[in-house]
Amino acid sequence: MAMTDKTANPVDVAVIGGGPAGLTAALYAGRALLSVRVIEGMGTGGQMFTTAVVENYPGLGVVDGPTISQKMEAQAREWGAEIEFGQVQGISGSLETGFTLDMGEGNEPILARTVIVASGSTPRKLGVPGEEEFQGRGVSYCATCDGAFFRDKRLIVVGGGDSAVEEGLFLTRFAKSVTIVHRRDELRASPVLQQRARDNEKMQFIWNSVVEAIQGNKTVNGVVLRNVKTNEITNLDIDGVFVYIGQNPNVSFLNGLVELDGMGFIQAGEDCVTSVPGIFAAGDVRTKPLRQIVTAVADGAVAAMQAEQLLAVSKG
Ligand code: NAP
């Protein structure tokens with residue numbers, strides 16, 4: 001497919017975000033013979049790229065995040081998707097007039113007939129003293145990226161969900177010990193992960209506790225924990241902190257354009273339709289009960305189909 005002129009010819013579909021939802025939307029839009037441009041901020045794959053092991057994507061068995069990300073990107077490109085790197089700063093316009101994506105000062109805006117927002121979410125931060133100071137020096141949000149730096153080290157993982165347990169298990173490959181610090185006495189993670197964590201001799205748990213501060217010299221050497229039931233404060237000597245306490249949706253560039261739910265995710269149902277005609281939401285950024293690669297790719301397909309149908313109607 002020929003490169004589209006960004007300003008003169010609007011693309012049929014602009015996809016914001018190159019994670020599983022965005023790349024699948026691009027694949028489906030491409031296969032529907034629509035012109036499609038994916039705008040990605042960091043690198044394709046999104047959070048999938050930084051996932052150590054994916055083992056619940058049907059048909060692939062066990063696969064690592066980078067591999068599945070590269071395959072999805074290649075498949076979207078094969079069907080004509082253009083992928084460019086940049087940060088969308090804002091969206092204006094309407095279905096009638098077409099949409100303009102502001103790409104920031106000095107960059108040409110992107111014109112699009114429809115927009116699929118698949119911008120995903122970003123790891124939530126603890127917001128405690130030392131977290132920012134020691135980021136990259138013992139504080140991490142990505143076990144795949146940083147795990148190998150912690151051979152024979154003592155680590156804590158904060159959180160009790162799938163990510164905390166799954167990535168904690170991955171970290172046991174390198175670390176001497178991995179202690180899950182969770183604010184309750186029960187994990188949120190799926191039973192199979194919980195079982196694996198209990199069976200792993202390198203894994204330990206500290207229940208009903210939160211991190212109050214992260215300490216160190218050049219790198220992290222300890223954390224201050226508070227038991228939320230007793231308020232007891234303890235100091236724990238450790239070498240690294242991995243934070244997995246959930247996600248914040250990436251919606252700041254929308255500037256209130258589409259309706260959000262109470263948690264800040266884009267209000268859209270299974271049809272991925274948002275409050276603004278012509279703008280769809282797919283993947284983790286949308287209100288949904290289950291945030292998985294498999295549900296993200298499903299959203300991508302649905303959103304592309306919705307865009308295709310809308311364009312067919314508006315073209316008459
Ligand atoms: P999550 O399911 O929202 O879990 C976040 C965890 O962090 C919860 O245990 C929560 O505690 C805790 N937490 C939240 N705020 C905290 C704070 N300020 N201080 C301390 N702890 C805090 O997030 P996630 O694990 O990142 O998963 C996100 C989504 O991706 C989920 O839908 C998950 O199922 C999915 N996912 C699936 C897989 C898989 O299927 N293999 C892997 C990774 C992620 P509470 O439990 O007390 O609320």
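Every number for a ligand or one of its atoms is a count from 1 in the order of the listing. Bear in mind the structure is a predicted one, so any value in this text is a computation, not a measurement. Note: hydrogens, waters and symmetry copies are ignored here, and every other heavy atom, side chains too, is used.
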Would you check if there is a donor-acceptor pair between the side chains of S140 and D146 at a distance under 3.5 Å? yes
With a 4.0 Å heavy-atom cut-off (strictly under), which part of V210 contacts ligand 1: side chain, backbone, both or neither? neither
Just by distance, no angles: are the side chains of E105 and Q89 close enough, under 3.5 Å, to form a donor-acceptor pair? no
Between R184, R124, M48, R183, which one has a non-hydrogen atom sitting closest to atom 11 (O) of ligand 1? R183
Yes or no: does E186 have any heavy atom under 4.0 Å from an atom of ligand 1? no
Among the heavy atoms of L290, does any lie under 4.0 Å from an atom of ligand 1? no
Would you say the side chain of D237 lies within less than 4.5 Å of the side chain of R154, judging by non-hydrogen atoms? yes
Nearest option to atom 24 (P) of ligand 1, as decided by whichever heavy atom of S209, G127, S163 sits closest: S163
Check: G160 N/O within less than 3.5 Å of ligand 1 N/O: yes
Who gets closest to atom 29 (C) of ligand 1 by heavy atom: R188, K288, R291? R291
Tell me the side-chain hydrogen bond (donor to acceptor under 3.5 Å, both in side chains) pairs involving residues 288-301, sequence neighbours left out? N56-Q292, R286-D299, K288-T295, K288-D299
Applying side-chain contact (heavy atoms from CB on, under 4.5 Å), can you list everything that pairs with V273, at least two apart in sequence or on another chain? D271, F280, Q306
Applying a 4.0 Å heavy-atom criterion (strictly less than), which segment of H182 is in contact with ligand 1: side chain, backbone, both, or neither? side chain
